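These notes are about the structure you will find just below.
If you're wondering where the values come from, they're calculated on a predicted model, not measured in any experiment. Sequence positions, counted from 1, serve as the residue numbers for this chain.
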Amino acid sequence: MGFGFFESVYKKCLLIELHKSALDTESQKPITVYYEDEKNYHVNPVYPVKKIAELLLMNKNNLVRLHQAGILTDIDVHFAGFMANLADSKYQEVFLGAALVSNVTGKGDVCLDLASFAGKMLLEKDDGMDAVICPGLSAWKDNLISSRIVGRPEDLCPLILDEENRLYLYRYWEYEKKLFDSIKERTKKDISGLNLSLIKDSIKRLFPETIDSDINWQKVAAITSVFKKFCVISGGPGTGKTTTVAKILALLLEQADEEENPGIFLAAPTGKAAARLSESIENIKKKLDCKDYIKAAIPEETFTIHRMLKTIIGSPFFRHNAETPLSADIVVVDEASMVDLPLMSKLIQAVPVDARLILIGDSNQLASVDPGSVLGDICGSSHVRGFTANFINKVEEFTDENFTDSIKEYKDINVLHDCIVLLKKNYRFADGSGIGGLSQAVKLGDIDNALILLKNEDDKSIILEEILSADNFKRILADKVVGFYSEYLKTDDPGIALELFNQFKILCAVKIGQFGVYAVNAIIEQILSRENLIQTENLWYRGRPVLITSNDYKLGLFNGDIGITMSVPDSDSNDMHVFFPGTSGELRHFLPYRLPRHETVYAMTVHKSQGSEFENVHLVLPDKDYSVLSRELIYTAITRASHSVTIFGKEEVLRTSISRVIERKSGLHDSLWG
């Protein structure tokens, strides 16, 4: 049995035949799970909830209650039942451990922190039923480690329990371990054999002096990228991350002979982010103070990470891996906060150990949808911990500036500090900017200051609209959408329509409910139809905005692309086409039936907006608290805007959201930072 099975069960990478009877707690009929290793298919029976309960020393009603309350999902129960059967164990400690590690991984954690669950009440006493309480830590650990399905690190077992009482699915422990090992290896020593005098000249030319007396952190990032095989450049929108990368690429290319052709890969987690990176690099490199052949050598082609690594269809594996690495000297990955643990681990293994890997992102943004918060774990709190003395000396040597008074120096600290640079100066928002001040307050969790800024009537760029009811929201929304969307709906020019449409975007914090993205899109369609701005009798009506939700490399359409439905100008046909902006400013259009997966997009979720920028953003909060609401979500939404932000919602919901920080459980941060 390959250990890829354990990932496959959880990730649902393969077919799971869920018979209706399997969800019936009274049924005795097993379901069938099909799984595979890299070559062969296998079949295993997994029993329904009632049967699993009978196999365990656990009250059947308690298991059914956990399932019905949504604390344990179908896959959690079936996976745990299979693990308990494999372990030949009737102890609820084994079942609960397997069920809960499946459950928390599904919610974004990499592992289950046993200590935080030990003795925890999962269900309160109810209608004569006893409370459901997790086992004590000592008994839980003993029963887990004595079973044959749980091992210690380096053991080959389906579940791994480490010394810090973290329980992993084996595959996720392996991902984390390989990522840590690779980062550690890359940070051991600096790159040597460089033309030091040329570095100094390149820094002076590519990063010219400014009247600003503050530290030029872009220079610091450049020094890091030159000497380190592993570099992280973190910063909020407007801090010049892409500009810095373009200059770094020019600097590194100047280190090579003119005849050399270093292998450079530019990548991002989504097609939309990759396209934006390509567009930015193309525009920035034209302005660089370097020779034309250097500009020509800076690539404009970008890849999604999956396309760069070459996905093996029907498999979680890639063609490029540790055994078959990329032919790369430099790999740059943008929007790294969106990259989950499995993908980051596979990526770093595919990058040659002697190549430079540069990660770009904003560690304060939302973490990846899938398990892990990798960029946040890597960055830790390094930006306030300072740098080593050796690194400070390098910065001063190659910039002719005195950084010692401004950069903290610590002795005997982790060399990883020297690999991480936080860009602090914002070039998009001027001092005193409402959006800039609000995003900073949210990032720091300063709720009171954030509300003071939002309630400042003199600053119209940031507004809090209190929503009293669903009807109240619809009335306010009607005024907004008619005002913003009527212009793009009146023009017959698809290019102008796209430009006008993207000036304004409604972002929703949640998908469901009366303030979720599905309901808001339906409300907006009703409003615009009532005003005779759209005709919704047909699905593909003139003006329908479309969001692509999957990648189609043949068409060049990617997850996150937004198009507008219109007829082709100066055409005799009235057939509707969907128009999208091209990477070089041209328009492309497709018949609707050719599009990959898509949805209507008057409003979109905050998650879907990552990597995008809009002039005016309206953020819609639900009328009650949801666990997905967090400081990171509010910060991400605010920083999508360049001109104005309006937040619809209740003050108490906003307060709760800003106070909640996403803390995904993993061992990566502790491994890296001790």
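In this structure, Leu357 and Lys229 have side chains that are not in contact, with every pair of non-hydrogen atoms separated by 4.5 Å or more. Between Thr244 and Ile360 there is no side-chain heavy-atom pair separated by less than 4.5 Å. No side-chain heavy atom of Phe180 sits less than 4.5 Å from a side-chain heavy atom of Glu176. Counting only heavy atoms from C-beta outward, the side chains of Asp74 and His67 approach each other to under 4.5 Å. Side-chain contact between Leu266 and Asp334: absent, with no pair of heavy atoms (C-beta onward) separated by less than 4.5 Å. In this structure the side chain of Phe117 reaches within 4.5 angstrom of the side chain of Trp140, judged on heavy atoms. For the pair Tyr602 and Pro545, the minimum side-chain heavy-atom distance is below 4.5 Å. The side-chain heavy atoms of Val110 and Leu169, taken from C-beta on, include no pair separated by under 4.5 Å.
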Can you check side-chain contact (heavy atoms from CB on, under 4.5 Å) on Ile662 and Arg631, steps first, answer last?
CA-CA 8 Å; Ile662 295 175; Arg631 181 181 305 172; over 6 Å; no
Derivation of the side-chain contact (heavy atoms from CB on, under 4.5 Å) call for Ile348 and Ile183
CA-CA 8 Å; Ile348 202 168; Ile183 292 174; 3.7 Å; yes
Walk me through it: do Phe391 and Ile223 pass the test side-chain contact (heavy atoms from CB on, under 4.5 Å)?
CA-CA 9 Å; Phe391 182 77; Ile223 297 296; 4.2 Å; yes
Assess the residue pair Tyr518 and Lys511 against the criterion (side-chain contact (heavy atoms from CB on, under 4.5 Å)); give the C-alpha distance rounded to whole Å, side-chain angles, the decisive distance to 0.1 Å, and a yes or no.
CA-CA 6 Å; Tyr518 301 131; Lys511 292 182 178 180; 3.8 Å; yes
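A donor-acceptor pair under 3.5 Å is formed between the side chain of Asn521 and the backbone N or O of Ala603. In this structure, the side chain of Ser345 does not engage the main chain of Leu341 through any donor-acceptor pair within 3.5 Å. For the pair Ser182 (side chain) and Lys178 (backbone), a donor-acceptor distance under 3.5 Å is absent. Between the Asp76 side chain and the Thr73 main chain, a donor and an acceptor come within less than 3.5 Å of each other. When atom types are taken as modelled, the side chain of Gln440 and the backbone of Gly436 share no donor-acceptor pair closer than 3.5 angstrom. Judged purely by atom type and a 3.5 angstrom limit, Ser363 has no side-chain atom pairing as donor or acceptor with the backbone of Cys379. No side-chain donor-acceptor contact under 3.5 Å links Thr646 to the backbone of His618. Under a 3.5 Å cut-off, the side chain of Lys665 and the backbone N or O of Arg166 do not form any donor-acceptor pair. Under the 3.5 Å distance criterion, the side-chain polar atoms of Ser278 are left unmatched by any main-chain donor or acceptor of Ala274. Under a 3.5 Å cut-off, the side chain of Ser609 and the backbone N or O of Val606 do form a donor-acceptor pair.
One finds no salt bridge joining Asp162 and Lys177 here, because no Lys/Arg side-chain nitrogen approaches an Asp/Glu carboxylate oxygen to under 4.0 Å. Under a 4.0 Å N-O distance rule, the pair Glu301/Arg307 qualifies as a salt bridge.
For the residue pair Thr270 and Thr304, the shortest heavy atom distance occurs at C-CG2, 3.7 Å. Shortest non-hydrogen contact noted between Ser630 and Leu366 is OG-CD2, 4.2 Å. Closest approach of Asn103 and Ile71 over heavy atoms only: ND2-O, 2.9 Å. The two atoms that bring Pro299 and Ile281 nearest to each other are O-CG2, 3.5 Å, heavy atoms only. Counting all heavy atoms, side chain and backbone alike, Thr105 lies closest to Pro371 at O-CG, 3.2 Å. Shown here for Leu343 and Phe318, the closest heavy-atom pair between the two residues is CD1-CZ, 3.8 Å.
Residues Asp362 and Ser337 have side chains that never bring a donor and an acceptor to within less than 3.5 angstrom of each other. Neither side chain, Thr656 nor Asp625, offers a donor N or O lying under 3.5 Å from an acceptor on the other. In this structure, a donor-acceptor pair under 3.5 Å is present between the side chains of Thr388 and Asp418. Remark: the Arg276 side chain and the Ser280 side chain contain no N/O donor-acceptor pair separated by less than 3.5 Å.
For Lys505 and Phe614, the positive end sits near the middle of the six-membered ring, less than 6.0 Å away and at most 45° from its axis.
By the 6.0 Å contact criterion, CD1 on Ile512 is open, its count of non-hydrogen atoms from other residues, nucleotides or ligands being 12 or less. Crowding of Glu652 atom CD: a count of heavy atoms from other residues, nucleotides or ligands under 6.0 Å exceeding 12. With a 6.0 Å radius and a threshold of 12 heavy atoms from other residues, nucleotides or ligands, Arg152 has its CZ atom above the threshold.
Checking each of Ile548, Asp561, Ile562 against His598 for a side chain to side chain contact (heavy atoms under 4.5 Å, CB included) leaves exactly one that passes, namely Ile548. Checking each of Leu454, Leu619, Leu629 against Leu654 for a side chain to side chain contact (heavy atoms under 4.5 Å, CB included) leaves exactly one that passes, namely Leu454. A side chain to side chain contact (heavy atoms under 4.5 Å, CB included) with Ser368 is found for one member of Arg664, His607, Gln610 and no other, namely Arg664.
Note that CG of Leu416 is 9.5 Å distant from NZ of Lys228, once rounded to the nearest 0.5 Å. Considering CG of Leu347 and NE2 of His306, their distance stands at 10.5 Å, rounded to 0.5 Å. Summarising the geometry, atom OG1 belonging to Thr243 is positioned 11.0 Å from atom CD1 belonging to Ile248; distances are rounded to the nearest 0.5 Å. Taken from NZ in Lys107 to OG in Ser102, the straight-line distance is 10.5 Å, to the nearest 0.5 Å.
Relative ring orientation between Tyr170 and Trp173 is described as tilted, the plane-to-plane angle lying within the 30° to 60° band.
Under the salt bridge (charged side-chain N to carboxylate O under 4.0 Å, His left out) criterion, the residue pairs touching residues 433-449 are Asp448-Arg655, with sequence neighbours excluded.
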